[in-house]
Amino acid sequence: MKERDYNFADIEVKWQKKWHDSGDFKSTADASKKKYYVLEMFPYPSGRLHMGHVRNYTIGDIMARFMKMKGFNVLHPMGWDSFGLPAENAAIKNNIPPQKWTADNIAFMKAQLMRMGFGYDWDREVTTFKSDYYRWNQWLFITMFERGLVYKKKSPVNWCPSCQTVLANEQAENGVCWRCESKVVQKDLSQWFFKITQYADALLAGHDEIKDNWPEQVITMQRNWIGRSTGLQVNFKLESGEDFPIFTTRPDTVYGVTFMVIAPEHPLLSRVTDPHVKQFIERLKNQPMAERTADDKEKEGIDTGLRVINPFNGETLPLYAGNFVLMEYGTGAIMAVPAHDTRDFAFAKKYGIPQKLVIDNPASPIDIDKLADAYTLEGVNVNSAQFNGLRNTQAKEKIAEFAEAQGFGKRTVNYRIRDWGISRQRYWGCPIPMVLCDTCGEVPILEKDLPVILPTDVAFNGDSRSPLNSMESFLNTTCPKCGRPARRETDTMDTFVDSSWYYAKYTSPSSEKILSPEEADYWLPVDQYIGGIEHAVLHLLYARFFSMLMHDLGLIKNREPFKRLLTQGMVIKDGSKMSKSKGNTVDPDEIINKYGADTVRLFMLFASPPQKDLDWSDKGVEGSFRFLSRVWRFVNKHAHLYQKDRAPGAETEKLKKIRTELHRTVKIVTNDIEERMQYNTAIARMMELINTINQVEESEWETVEGRAVLSEILERFIPMLFPFVPHIAEEMWEMLGCTTTLSGRPWPEFSQELSIRGESEIVFQLNGKIRAKVSVPSGITKEEMEKMALEHERVREMTGGKEIVKIITVPGKLVNIVLKV
RNA sequence: GCCCGGAUGGUGGAACUGGUAGACACAAAGGACUUAAAAUCCUUUGAGCUCACGCUCGUGCGGGUUCAAGUCCCGCUCCGGGCACCA
């Protein structure tokens, strides 16, 4: 019989077409079936798929196909996060309209996704730059506006004075403009904010619901990002008698305050008249945020000349402006206690400010003059009036109570998280649906007038300013309230808004409303979300925020959008992340051409567990290809022996063992996919099985019993391969004479009884060191194991004459004999 | 700097709840087949010692807990992700 070559190119095209034509991955809500919604983070259409995408979507495809085989009604959609900076950069550089650039990229990348054999329901494709999607961004915006969840305030942006334009952080690295290298300054602009702080407690509380199915590190990062802290707001007084509130988590140190620090943006600083001081403050303001708060950067500040009075002891304190104090956190001002705060300590040393000890270490009293760094541990209050002698943890409470009683303090909760600034001074984004009317002020567009369409007939003049600003046809409109002439908002929304609710839109992409309640209720929440760990905080927090918001608007039933989360690692080559700038990228297309999509998929999953970084290796890819070729050859050679209907027949010892290995493999692979999400070990197990069955003599397969076992292997092994390498699996399945496609087949079952090996190896240890290995029947009792150990020749030799202190036996594993030394 | 991770042979990784470290691959070396090459198949492969039975060491570094530590605890080093306008 002539054997067929593994012609992956033809096979893959053939099955991709079949799946597509038969609508294999289309999904319909059906209340009678259990649903499973698998979602991968949608890509930014940057031009070509990179290996990170391939990895992400391969993992998703495995889950979707596996769950479908498990009998679930699976939703597995794909879309495009298609607004953003790169399209504008391309427009400026090559004068291609952003829309064209983006649409071309989408077409190209969609074809690439199809070549990988990913099973998506393309009828549900969501593209954020299209107005039928972004109109709902605008609808959500005005709905939030009406509920007081949107407000406008001044906020600093990176500004290039030479280009006269706003810069993204990425464009302002090292404080220099990316295009002209001018020094970047901070400029205040009036911008729109979403009140995510109002949801801070809800976002924290929601963690309880998801914590068992999300990586712990993501929950921790989010919790720290939200940064809830309880403390005391203390109203210090300016010399002029006005209140000067600060927030502190350390009220116990309030008697140790020796100076105050205020953010350089603080409005109070308008009172400063000294030109030298004013100039210094300006300079602090223009330091990029990342630098200001970085502790490796020197803390800087200047005495403003203003004085503040501590309400606890009446002391007069100097007020500094300091770069490390943030206007956005607390009240934009802090009390500084150099003796008990590391940062304050360094600042005080630098500017020669005195320090005062108020918490002493009872074990070894502190000499304030010899203090090398702040004492931040617990201790006992000193120099703290009536609070002396209290443990500082108690003093914290007592001092807070005292301040509240005296009327100059209030216990409050503070969050590190700030409201979400969504205004972007850019063209390629969703227009913010507001107009500015001279009479009525900021007015939202009426719902019936949505969407506010982003004009696409725009010209870029080689600079990065948004063309909307000079487009009269867009700018001029009438006020929805009074009908008089008004001007449109030209800022667009942060693209994170687009990606904060797209998972919901997939459930009902063609609905005339934002969502169809029936379909949203059926499909949501997402059962399994998959994406890069780099999104642990921003995207995943914003998406949770929007989900809660949509819940509160009565649009969806669940508060949490993603039941289970898998964060996959990066794709690394030669020690660093694959990136264009490093020149270490590998183009998926090249590898598909050389080995086929199935090999790429298999390697992606085999090279490392999904959560960890994956080291790309060309040689490793060859290994995956070799495995598929080996399987192909085996099936090719033995397909004619396959019998669908067969008598079980008595088996030889060898065949029995092979059968055990088969059932063991199904058991382990099922568990690896379903419970552990560790595909590399699942594949390793399947490789072992192939290695085992390849050792069987050809003649043995040809016996009646051999054919039965062989048929059972083929019947279970090929479907098991299907989620990983669907094309080759389908082709081999067809080779057996089966006519139904594998995607409609159930996942193979296994017999618990048959999966247990007859014998297992255990070890005998003496004082924890292995001294012998023996093979024992499975199911042996503890007593039998101990007896065997003590009777073992080598063990007896080595224990002879020594006293046995105790014997530890782990069933099925080991016996450890502890001897007196 | 702050928050969160990671480190296991020449390489990617395995070891699931503290219980046989190195499964499965890659690479390398040797061999078979071949006129030859490719492909395929077989053998060896953590380090050191030993004629051998075996022994000692070994999971980034330094300590600790335990009969037993890659796994738990304390203290470090290095690498990576995030830090709010890249997505």
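Just so it is clear, the values below take in all heavy atoms, side chains as well, and ignore hydrogens, waters and symmetry mates. The chains referred to below are lettered A, B, ... by the order of the sequence lines, with proteins before strands, and numbering in each begins at 1. Fair warning: this is a prediction, and the values are worked out from it, not measured in the lab.
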Whether A/Arg630 contacts B/C41 is assessed here as follows: a side-chain N or O lying under 4.0 Å from the phosphate OP1 or OP2. Is that the case? yes
Starting the side chain at C-beta, find the nucleotide from B/G54, B/U56, B/G19 nearest to A/Arg794. B/G54
Pull up the glycosidic torsion of B/G9 and say syn or anti, syn being anything within 90° of 0. syn
Per A/Arg771 side chain, nearest of listed nucleotides B/A15, B/U56, B/C4: B/U56
So, does the side chain of A/Glu173 form a donor-acceptor pair with the base of B/C86 at under 3.5 Å? no
Can you figure out which of B/A27, B/A14, B/A87 approaches the side chain of A/Arg626 most closely? B/A27
Identify all stems in which RNA chain B takes part, counting only runs of at least 3 consecutive pairs (Watson-Crick or G-U wobble, each distance under 3.5 Å), and give each as one range with another, ordered by first number. B:1-7 with B:77-83, B:10-12 with B:24-26, B:28-32 with B:40-44, B:46-49 with B:54-57, B:60-64 with B:72-76
Please determine whether the number of non-hydrogen atoms from other residues, nucleotides or ligands lying under 6.0 Å from atom CD of A/Glu793 exceeds 12. no
Distance alone, cut at 3.5 Å: any donor-acceptor contact between the side chains of A/Thr665 and A/Arg685? yes
How far does the P atom of B/U17 sit from the matching atom of B/U66, given to the nearest Å? 24 Å
With a 4.0 Å cut-off on heavy atoms, is A/Ser617 in touch with a base, just the backbone sugar-phosphate, or nothing at all? nothing
Is any side-chain N or O of A/Glu622 under 3.5 Å from a base N or O of B/C26, one able to act as donor and the other as acceptor? no
Pick base, sugar-phosphate or nothing for A/Arg633, based on heavy-atom distances below 4.0 Å to the nucleic acid. sugar-phosphate
Within the 3.5 Å criterion, strictly below it, is a donor on A/Asp212 or A/Trp214 matched to an acceptor on the partner's side chain? no
Any base atoms under 4.0 Å from A/Ile770, or only sugar-phosphate, or nothing? Heavy atoms, all strands. sugar-phosphate
Nearest to side-chain heavy atoms of A/Ala168, which nucleotide of B/C85, B/A14, B/A87: B/C85
Would you indicate what A/Asp672 reaches in the nucleic acid, counting non-hydrogen atoms under 4.0 angstrom: base, sugar-phosphate, or nothing? nothing
Determine, for A/Glu489 against A/Lys152, whether the closest basic-nitrogen to carboxylate-oxygen distance falls under 4.0 angstrom. yes
B/C86, B/C67, B/C24: which one has an atom nearest the side-chain heavy atoms of A/Ala684? B/C24
Report which part of the nucleic acid A/Val818 touches: base, sugar-phosphate, or nothing (heavy-atom distance under 4.0 Å, all strands). sugar-phosphate
How long is the gap from OH on A/Tyr542 to CD1 on A/Ile422, to the nearest 0.5 Å? 10.5 Å
A/Ser608 has a side chain; which of B/C24, B/G13, B/G19 sits nearest to it? B/G13
Reckon A/Lys773 touches a base, only the sugar-phosphate, or nothing at all at heavy-atom distances under 4.0 Å? base
Whole-angstrom distance between B/U59 and B/A14, as gauged at atom C1': 12 Å
Could you check whether A/Asn816 gets within reach of a base, just the sugar-phosphate, or nothing at all, counting any heavy atom under 4.0 Å? base
May I have the step-by-step check of ring pair (Phe, Tyr, Trp, His ring centres under 6.0 Å) for A/Phe347 and A/Phe324, ending in yes or no? CA-CA 10 Å; A/Phe347 193 88; A/Phe324 60 99; 5.4 Å; yes
Tell me which nucleotide among B/A27, B/A84, B/G19 gets nearest to the side chain of A/Trp225. B/A84
Classify A/Ile417 by what it touches in the nucleic acid, base, sugar-phosphate, or nothing, heavy-atom distance under 4.0 Å. base
Would A/Phe129 and A/Trp428 satisfy side chain to side chain contact (heavy atoms under 4.5 Å, CB included), going step by step from the backbone distance to the final call? CA-CA 8 Å; A/Phe129 84 69; A/Trp428 192 236; 3.7 Å; yes
Distance between the C1' atoms of B/C42 and B/G46, in whole angstroms? 23 Å
Distance check, P atoms only: B/A47 and B/U11, in whole angstrom units. 12 Å
Would you please test A/Trp501 and A/Asn137 for side-chain hydrogen bond (donor to acceptor under 3.5 Å, both in side chains) and show each step? CA-CA 9 Å; A/Trp501 69 281; A/Asn137 275 9; 2.7 Å; yes
Any base atoms under 4.0 Å from A/Glu793, or only sugar-phosphate, or nothing? Heavy atoms, all strands. nothing
Spacing of the P atoms in B/G19 and B/U71 (rounded, Å): 11 Å
Touch class at under 4.0 angstrom, heavy-atom based, for A/Ser423 against every strand present: base
Identify whether any heavy atom of A/Val537 sits under 4.0 Å from a base atom; if not, whether one sits that close to sugar-phosphate; answer base, sugar-phosphate or nothing. nothing
Output field: ring centroids A/Phe603/A/Tyr595 closer than 6.0 Å: no
Between B/A28 and B/G12, how many Å separate the two P atoms, rounded to a whole number? 16 Å
Among B/A14, B/C67, B/C83, which is the nearest nucleotide to the side chain of A/Pro609? B/A14
Tell me which nucleotide among B/A14, B/G81, B/G80 gets nearest to the side chain of A/Thr681. B/A14
Between B/C55 and B/C16, how many Å separate the two C1' atoms, rounded to a whole number? 32 Å
Any side-chain N or O of A/Gln678 under 4.0 Å from OP1/OP2 of B/A15? yes
Indicate, with a heavy-atom threshold strictly under 4.0 Å, whether A/Gln171 touches base, sugar-phosphate, or nothing. nothing
Counting side-chain heavy atoms from C-beta on, which of B/G81, B/A27, B/A15 comes nearest to A/Lys619? B/A27
Ignoring hydrogens and angles, are the base of B/C3 and the side chain of A/Asn224 linked by a donor-acceptor pair under 3.5 Å? no
Please classify the nucleic acid contact of A/Glu675 as base, sugar-phosphate, or nothing, using heavy-atom distances under 4.0 Å. nothing
Taking the six-membered ring for Trp, are the ring centroids of A/Phe627 and A/Phe606 within less than 6.0 Å of each other? no
Quick check: are there more than 12 heavy atoms from other residues, nucleotides or ligands sitting under 6.0 Å from NZ of A/Lys153? yes
Just to be sure I understand the rule, does A/Trp420 reach a base, reach only the sugar-phosphate, or reach nothing, if contact means heavy atoms closer than 4.0 Å? nothing
Separation between the P atoms of B/G6 and B/U43, rounded to whole Å: 38 Å
